[in-house]
Colleague: 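Let me give you the structure first, and then I'll get to my questions.
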Amino acid sequence: MAKPVSIEVWNPSGKYRVVSTKPMPGTRWINLLIQQDCRLEICTEKKTILSVEDIIALIGEKCDGVIGQLTEDWGEELFSALSRAGGKAFSNMAVGYNNVDVNAANKYGVAVGNTPGVLTETTAELAASLTLAAARRIVEADEFMRAGLYDGWLPHLFVGNLLKGQTVGVIGAGRIGSAYARMMVEGFKMNLIYYDLYQSTRLEKFVTAYAAFLKANGETPVTWKRASSMDEVLQEADIISLHPILDKTTYHLVNKERLAKMKKEAILVNCSRGPVIDEAALVEHLRQNPMFRVGLDVFEEEPYMKPGLAELKNAIVVPHIASASKWTREGMATLAALNVLGKIKGYPVWFDANKVEPFLDENAQPPAASPSIVNAKALGLPVSPSKL
Ligand SMILES: NC(=O)c1ccc[n+]([C@@H]2O[C@H](COP(=O)([O-])OP(=O)(O)OC[C@H]3O[C@@H](n4cnc5c(N)ncnc54)[C@H](O)[C@@H]3O)[C@@H](O)[C@H]2O)c1
Ligand SMILES: O=C(O)[C@H](O)CO
């Protein structure tokens, strides 16, 4: 028998029972659910990562939908429990959904939501922050100051890398990878090389137009190249930022052999998912190559780091905070709640998960649709026309 978990209840007489496995930022998501006749139960349990057993206890005997987190293991057990409780909707409060077994959800007819778009710029900005922090050794320099070691300006003190005119490599040029590429090209006048399974025409057009602008102003134009292999990026780029989804094609995409192909003074940034890098191989590479630097937001076995990583001066590590801006996190909560609400109310799925702005306007009622359901096609769910 599962242990009961502590909850906070909103609108106790609501017709539909919706569970959120965590308190989420803002109040708009709560108001949207309770205005639409939902009884909302928010888990207030102190422990950070809930077990499958905890979530089964939260689902209980009658539950219409669940808003969950990327730390939870949404597979056969949870989807069957949700289905037994009459539930038809689950949404991750995240764009990545590698913690969700979508086939299991399909088997039980449960719609799976995610939260694309609202975190694109915020996540790209953190990747850019880690890039700058690594290039200019900001964390090391900060520690040095606080330790009282600064005794005057020196020509060799914390010399780092200049970005301007260097090459930025992007692996996975989707929403976030493209936003990051634009920041680095436009902000620091870097040349771009990218690798993705698909061509990013919009990104290429942006860099071409920016190059023309620079040329017209008498400045050296930036360049771009779509690499035909990932190794081409690793060999040519001075900065490499990882932005693919995590699936079996990207697991340990960066391994010992690939690390060895990178420049000795390269900077590697990861704001995608930890297992995209073989972290033990990375620790060894950082040890052997003190001028090679990394900025990591995600880790292979969160919340843990592989032994040795925390001691390395050439690694900057932050706790999976890439989407952590107030606007973004409140927006993610709104999208996740509306994914679940839309399915409960029988609304269609929004026509374009990349255009979620209408759901985020605080001064207007959101469209009657689920903003982003990843298995809409598999479940044969209706899709809204472009205007509702
Ligand atoms: N650290 C964080 O807090 C944080 C925040 C947001 C997103 N993320 C992660 O970032 C990922 C990307 O988000 P997005 O919104 O840009 O998604 P997206 O789907 O727009 O982009 C992913 C890109 O990866 C490419 N890709 C897939 N397999 C590949 C492969 N084998 N090699 C090269 N490219 C490949 C896809 O073609 C796509 O262009 C999410 O899935 C999530 O895991 C992390
Ligand atoms: O996938 C995501 O959305 C992140 O990892 C958390 O914002």
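Just follow the structure's listing: the first ligand is 1, and inside any ligand the first atom is 1. Just so we're clear, the structure is a prediction, and the values are computed from it rather than from any experiment.
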Colleague: Which atoms of ligand 1 have any heavy atom of Thr250 under 4.0 Å away?
Modeller: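 Atoms satisfying the 4.0 Å criterion: 28 (N), 29 (C), 30 (C), 31 (N).
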Colleague: Checking a contact table here: which protein heavy atom is nearest atom 25 (C) of ligand 1, and how many Å away?
Modeller: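 Going atom by atom, the protein heavy atom closest to atom 25 (C) of ligand 1 ends up being Asp196 OD2, 3.3 Å.
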Colleague: Hey, which atoms in ligand 2 end up nearer than 4.0 Å to a heavy atom of Leu119?
Modeller: 3 (O), 7 (O)
Colleague: Aromatic contact between Trp224 and Tyr194, with the criterion being ring centroids under 6.0 Å apart: yes or no?
Modeller: no
Colleague: Number the atoms of ligand 2 from 1 as they appear, then name those within less than 4.0 Å of a heavy atom of Ala94, with their elements.
Modeller: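 So the atoms of ligand 2 that pass are 1 (O), 2 (C), 3 (O).
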Colleague: N/O of Val95 under 3.5 Å from N/O of ligand 1, yes or no?
Modeller: no
Colleague: Please report which non-hydrogen protein atom sits nearest to atom 5 (C) of ligand 1, along with the residue it belongs to and the distance in Å to one decimal place.
Modeller: Thr123 OG1, 3.4 Å
Colleague: Considering non-hydrogen atoms of the protein only, which is the closest contact for atom 31 (N) of ligand 1, and what is the distance?
Modeller: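 Atom 31 (N) of ligand 1 sits closest to the protein heavy atom Thr249 OG1, 3.1 Å.
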Colleague: Taking non-hydrogen atoms only, is Val298 closer than 4.0 angstrom to ligand 2 via side chain, backbone, both or neither?
Modeller: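 Val298 to ligand 2: no contact under 4.0 Å from either part.
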Colleague: Does any N/O atom on Arg273 come nearer than 3.5 Å to any N/O atom on ligand 2?
Modeller: yes
Colleague: Name the option, out of Ser323, Ser272, Gly96, that contains the heavy atom nearest to atom 9 (C) of ligand 1.
Modeller: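 Shortest heavy-atom distance from atom 9 (C) of ligand 1: Ser272.
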Colleague: Tell me which part of His320 gets within contact of ligand 1: side chain, backbone, both or neither, using heavy atoms under 4.0 Å.
Modeller: side chain
Colleague: Would you please classify the geometry between the Phe144 ring and the Phe158 ring as parallel, tilted or perpendicular, with 30° and 60° separating the classes?
Modeller: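 Rings of Phe158 and Phe144: perpendicular, as their planes differ by over 60°.
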Colleague: Examine His320 against ligand 2 and note whether any of their N/O atoms are separated by less than 3.5 Å.
Modeller: yes
Colleague: Going by the atom numbers of ligand 1, which of them fall below 4.0 Å from some non-hydrogen atom of Tyr198?
Modeller: 37 (O)
Colleague: Between Trp74 and Tyr97, does the ring pair (Phe, Tyr, Trp, His ring centres under 6.0 Å) criterion hold? Intermediate values first, please.
Modeller: CA-CA 9 Å; Trp74 278 84; Tyr97 54 92; over 10 Å; no
Colleague: At less than 4.0 angstrom from any non-hydrogen atom of Ser323, what atoms of ligand 2 do you find?
Modeller: 6 (C), 7 (O)
Colleague: Under 4.0 Å from ligand 2, counting heavy atoms only, is it the side chain of Leu70, its backbone, both or neither?
Modeller: side chain
Colleague: Any nitrogen or oxygen of Val95, main chain or side chain, under 3.5 Å from a nitrogen or oxygen of ligand 2?
Modeller: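 The answer is yes, given that Val95 and ligand 2 share an N or O pair closer than 3.5 Å.
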Colleague: Side chain, backbone, both or neither: which part of Arg273 has a heavy atom under 4.0 Å from ligand 1?
Modeller: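 Answer for Arg273: side chain.
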